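Remarks on the structure that follows.
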Amino acid sequence: MKMNTNLNNIQDPGFKVPKDYFEHLEASIISHVNLKEKISDPGFSVPKDYFKNVEQDILTKVSIEKPVKVISLFSKQNLIYISGIAAAIVLFFNLPTLNTKVTYASLSTETVEDFVLNEDYSANDLATLFNDIDLLEEDGFNSISFTEEAMQDYLNNNLELNDLYTE
């Protein structure tokens with residue numbers, strides 16, 4: 001923006017005062033002061049004992065009126081609609097994951113071990129899970145052979161005397 005450096009040549013200052021404003025200003029101020037001196041009563045009055053009885057008057061007026069019915073922002077019907085929509089959205093995004101089938105191949109060894117160790121199963125409960133056919137298959141227990149040294153090392157490293165004690 002280009003600044004006008006020649007301020008002496010301004011023709012229109014932009015502000016205007018009403019005609020004859022300063023000639024009548026002094027008379028207007030004096031008449032206003034004289035008017036305030038003549039008024040002794042402000043024109044407003046408070047009834048006698050008003051502030052002593054005002055609280056009781058307000059309480060009686062409030063207790064006489066019917067209580068106003070409160071309109072809830074969340075009605076039951078709207079809450080049911082919203083929760084139904086939210087449940088539908090959650091199901092929509094979770095249905096593909098619910099269709100996945102768990103197979104023995106997808107389970108990790110640690111998961112199965114943790115399940116068996118953390119649950120309170122007896123040997124009879126675990127035995128009911130296996131069929132005779134599962135145990136007799138070629139890939140089953142019959143094809144696995146342990147040497148006596150391997151079993152001895154396993155017992156020495158993994159078992160304690162308290163584990164072998166039975167009641």
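The structure displayed is predicted, hence computed values, not measured ones.
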Quiz prompt | Sequence-distant partners of Phe15, side-chain contact (heavy atoms from CB on, under 4.5 Å), two or more places apart | solution = none
Exercise. Please confirm whether the backbone N or O of His24 pairs with a side-chain atom of Ser28, one donor and one acceptor, at under 3.5 Å?
Key: no
Exercise. Applying salt bridge (Lys or Arg N to Asp or Glu O under 4.0 Å), name anything that partners Lys19, two or more places apart in sequence or on another chain.
Key: none
Self-check item: Non-neighbouring partners of Ser31 that pass side-chain hydrogen bond (donor to acceptor under 3.5 Å, both in side chains), sequence neighbours left out
Solution: none
Self-check item: Interatomic distance, Glu149 atom CD to Asn156 atom CG [nearest 0.5 angstrom]
Solution: 12.0 Å
Just list the side-chain donor-acceptor pairs under 3.5 Å for residues 76-84, sequence neighbours left out, or say none.
{"unit_1": "Gln77", "atom_1": "NE2", "unit_2": "Tyr81", "atom_2": "OH", "d": "3.0"}
{"unit_1": "Asn78", "atom_1": "ND2", "unit_2": "Ser75", "atom_2": "OG", "d": "3.3"}
{"unit_1": "Ser83", "atom_1": "OG", "unit_2": "Leu79", "atom_2": "O", "d": "3.1"}
{"unit_1": "Ser83", "atom_1": "OG", "unit_2": "Ile80", "atom_2": "O", "d": "3.0"}

Quiz item: Is Phe92 isolated, or which residues cluster with it under the ILVMFWY side-chain rule of less than 4.5 Å, directly or via members?
Solution: Ile85, Ile89, Phe93
Quiz item: Hey, quick one: are Val17 and Leu25 part of the same hydrophobic cluster, counting side-chain heavy atoms closer than 4.5 Å, chains of contacts allowed?
Solution: yes
Quiz item: Excluding sequence neighbours, so at least two apart, what forms side-chain contact (heavy atoms from CB on, under 4.5 Å) with Ser45?
Solution: none
Quiz item: What residues, two or more places apart in sequence or in another chain, satisfy side-chain contact (heavy atoms from CB on, under 4.5 Å) together with Asp49?
Solution: Lys52, Asn53
Quiz item: Sequence neighbours excluded, which residues qualify as side-chain contact (heavy atoms from CB on, under 4.5 Å) partners of Asn118?
Solution: Asp114
Quiz prompt | Asp57: salt bridge (Lys or Arg N to Asp or Glu O under 4.0 Å) partners, not counting sequence neighbours | solution = none
